Structure formats: C-alpha cells, structure tokens
Amino acid sequence: MDLPFGVNFIGIGAAAPPTSLSNHDLTALVETSDEWIRTRTGIENRRIATPDLTLTDLATTAAQAALTQADIDPASLDLVILATSTPDDLFGSASVIQARIGAAHAVAFDLTAACSGFIFGLVTASQYLQTGTYKRALVIGADILSRWVDWQDRRTCILFGDGAGAMIIEAAPTLENALLGFELRSDGRLNHHLTLAYQPKPQALAHTQIGQGTYHPIVMNGQEVYRFAVTQVPEVITKTLHRANLTAADIDWLVLHQANQRILDSVAQRLEIPKEKVISNLANYGNTSAASIPLALAESIEKGKIKPGHVIATAGFGAGLTWGAAIFRWGSDFTI
Ligand code: UT7
C-alpha cells in the first residue's frame, strides 16, 4: 500500500548501568566457566542495575541522548513508545518517561514483544508517521531482565544484562522514505520455549478465590530458541530484502538482536553477509532484550562505523515467540 509519507531516523541514544558482572563473577554463583560462556555465547561481561536504578531512569537517559543527537525540542514529539518486558509499573512506564523528558504533547504507551520489542516499536511508530497522523516519534527499547533471571539457573543467568536504547523517527516526504522494508511475525504455539510467566497462588476471597502471586523467573529451552533463531531470522530478513527490492549485497551493516555470537555468525553466513559487516557488542553487554538493537546501533554510530546514508538490516527475535526485521537507511541531513 502506498502511504502518503516516509520516515527518517534522525537520532539515537543509549544507556547502561555502571555496574558490571563478569563471567568470572558468575562462577561464584553457578557451576560454569569463563571459557564455556565465551565459546558458547561470546559474552564476557554484562551490566546489572542496582536496586536504586529504575527502568525509567535508564530509558530516560537513553531518550535524552537521542533527543540531543537529533537536536529537537521534546515538546515537538507526538508519540513515545516504550518497548519493554520489565516496566517499573505493570500499568506502564512510558508516560513517566514522557513526563521526565518534557514531551508534553506526546501520547505515550508501552509495547511488549520481548527481544523483538524495539523492531515492533520502530515499525509501529513508523506507521503513525507514514499515514500522516503524527510527525515525530521516540521509540525506546529498555529492559532490566536481571530482576527476573533465576540466578541459580546456569542455562539462563549467564546470558542476560540490563540496558536501554532510544531512537527518534520523523515524518519525511515519500521520496525520502528511509524505512525500506519490514516484516513482523509471531507464533504463540512456541510460547512455552521462553517465558517469564505469572504464577497465581490461589487465595480464598469472600465466596470465591483469587490468584495473587508473582512472576516466575525466566525459563528457556535454549536449544529450541537457538534453532528457531538461526532458521527464522535469515528467512525474515530475506523476505524483507525482497520487499525492499534489495539484495544482501546492498546491506552496509547487519545489526541483529544481540543474543549469542553463534547466532549472529550463523545468520550472517546463511545470508552471505561478510563478518566485517556484522555489528556485535554482546561481549560487553550480554543479551539486553529490547535494548540490544538500539544499544548496538548507538555505539556503532558513535564510533563512526555506521554513517548517514548507510543501509542497515536489523532483526529482533525472542519470547512470544516473536521475530521481525526492518531495513532502513540511517540519518537524514544532519551531521553526527
Ligand atoms: O533473547 C532471547 C533469545 N534467546 C536466545 O537466543 C538463546 C538461544 N540459545 C542459546 O544461545 C544456547 O542454547 C545457550 C547458550 C543458552 C546454551 O548453549 P547450548 O550450546 O545450546 O548448550 P546446551 O543447552 O545444549 O547445553 C550443553 C551442555 C549441557 O550439559 P550436558 O547435558 O551436555 O552434560 C548443559 O547442562 O552445557 C551445560 N551447560 C553449561 N555448562 C557450563 C548449560 N549451561 C551451562 C553453563 N556453564 N552456564
């Protein structure tokens, strides 16, 4: 369908907690080794939020950095989407961020799609802009999974870290549209492979019962999620390339959800994208869920690797199960 507007991606920012947890630190918690974690995942360190640091704090810092880079007034934002599975408040945290950054005219809401959340948020925001409903949007991917990891479970606790990343998207003339293609998917039949599920405890209440409990820590069938990622991610990127009338050779950078270096290598190999074009920062951050893609983008842009005009293929995948890809051109006429 032809939409009346295009979009430009004009600012990015990221934030991570100052506290690090190394592979060596984890050997004191579970039976594992630095060597096992490095060779199976590529992870060396992860950042962990201390109790005083909130999801809203991290997300606000990332959002402010993105606003500064785009050099825009927060009051000009029409939309704020917070992609997270770990809000400070189950009613949503987006509106608190909206207030803290001074986006007085924006509507703000949370979006949950686990590690695919940033891609789902980017596409959702772009739809509002491309239809002409709104002009400027802020999309944040942020998670503090350390609060929901079972630190006795060596199969999962070695993987995750905390962080936030944010992007400013602006409506543009259709001819300048920088969102070249996207595909979003979910398959709830595979939900049980990766969960952070509510566990009700039945309690008597008047003439009935209620189930007041809490969330059970993350449970993951690693092998199944691995298999899913290395087959579905190349497929969804290939479909997205096709939609965008591009080939893998047109891609300047592959920026995947930073889950496991072996997944990154396998997807790149299947797409015949050379290693030099694959962005990876998971050695330092682990899997930061919805934050991982904007965090990796922000670092590479700051280092000058990704430059305005470069074409980026990005894909998220994870719980739901959900997955999706977006191919876009970075930057507009501003200088970084
Ligand atoms: O963002 C959401 C997306 N999530 C993912 O992308 C995760 C995808 N899955 C993975 O990345 C990998 O499956 C893992 C890194 C989680 C696990 O790697 P694996 O190569 O699939 O290991 P495995 O589960 O097949 O386990 C191999 C062995 C087992 O021992 P036995 O049964 O062979 O004796 C495990 O018990 O490694 C053992 N093991 C460990 N050993 C040392 C599992 N975790 C550890 C550990 N340290 N931390």
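All ligand and atom numbering here is 1-based and tracks the order in the structure. Predicted, not measured: the structure shown is a model, and the values here were computed from it.
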Notebook entry, point to check: When you measure from atom 39 (N) of ligand 1 to every protein heavy atom, which one gives the shortest distance, and what is it?
Noted result: W36 CZ2, 3.4 Å
Next item on the list: Return the residue, atom name and 0.1 Å-rounded distance of the protein heavy atom closest to atom 46 (C) of ligand 1.
Entry: T32 OG1, 3.3 Å
Next item on the list: For atom 41 (N) of ligand 1, decide whether some protein heavy-atom distance is shorter than 4.0 Å.
Entry: yes
Check: Right, does atom 7 (C) of ligand 1 have protein non-hydrogen atoms nearer than 4.0 Å?
Finding: yes
Next item on the list: Mind telling me whether F317 and H257 have parallel, tilted or perpendicular rings, with 30° and 60° as the class edges?
Entry: perpendicular
Notebook entry, point to check: Distance below 4.0 Å between atom 33 (O) of ligand 1 and any protein heavy atom?
Noted result: no
Checklist line | Nearest non-hydrogen protein atom, atom 10 (C) of ligand 1 | finding: N260 ND2, 3.7 Å
Item checked: R100 and D57: CA distance, side-chain angles, deciding distance, salt bridge (charged side-chain N to carboxylate O under 4.0 Å, His left out) verdict -> CA-CA 9 Å; R100 283 179 61 180; D57 291 334; 3.0 Å; yes
Notebook entry, point to check: Can you tell me which residue and heavy atom of the protein come closest to atom 21 (O) of ligand 1, and the distance to 0.1 Å?
Noted result: Q223 CG, 3.6 Å
Check: Would you say R155 has more than 12 foreign heavy atoms packed within less than 6.0 Å of its CZ?
Finding: no
Check: With a 4.5 Å heavy-atom cut-off, do R185 and E235 have their side chains touching?
Finding: yes
Check: Starting from atom 9 (N) of ligand 1, which protein heavy atom do you reach first, and at what distance in Å?
Finding: G222 O, 3.0 Å
Next item on the list: May I ask you to check if ligand 1 and S33 share an N or O to N or O distance below 3.5 Å?
Entry: no
Notebook entry, point to check: For atom 4 (N) of ligand 1, which protein heavy atom lies nearest, and how many Å away is it?
Noted result: V225 CG1, 3.5 Å
Notebook entry, point to check: Does even one non-hydrogen atom of L194 get within less than 4.0 Å of ligand 1?
Noted result: yes
Note to self: Under 3.5 Å between any N/O of N287 and any N/O of ligand 1: does that happen in this structure?
What the structure shows: yes
Check: Under 4.5 Å between any side-chain heavy atoms of I327 and V311, yes or no?
Finding: yes
Notebook entry, point to check: So with a 6.0 Å cut-off around NE2 of H192, is the heavy-atom count from everything else above 12?
Noted result: yes
Margin query: Heavy atoms only, cut-off 4.0 Å: how does M220 contact ligand 1, side chain, backbone, both, or neither?
Written below: side chain
Notebook entry, point to check: Is there a donor-acceptor contact under 3.5 Å from the side chain of N8 to the main chain of A171?
Noted result: no
Checklist line | Distance-only side-chain donor-acceptor flag, N177 / T174, under 3.5 Å | finding: no
Next item on the list: Could you find the nearest protein heavy atom to atom 36 (O) of ligand 1 and give me its residue, atom name and distance?
Entry: R154 NH2, 3.0 Å
Next item on the list: Find out whether T84 and S93 are in side-chain contact, i.e. whether some heavy atom of one side chain is under 4.5 Å from a heavy atom of the other.
Entry: no
Margin query: Considering non-hydrogen atoms of the protein only, which is the closest contact for atom 19 (P) of ligand 1, and what is the distance?
Written below: R40 NH1, 3.7 Å
Note to self: In the complex you have, is atom 28 (C) of ligand 1 within reach of the protein, judged by whether a heavy-atom distance drops under 4.0 Å?
What the structure shows: no
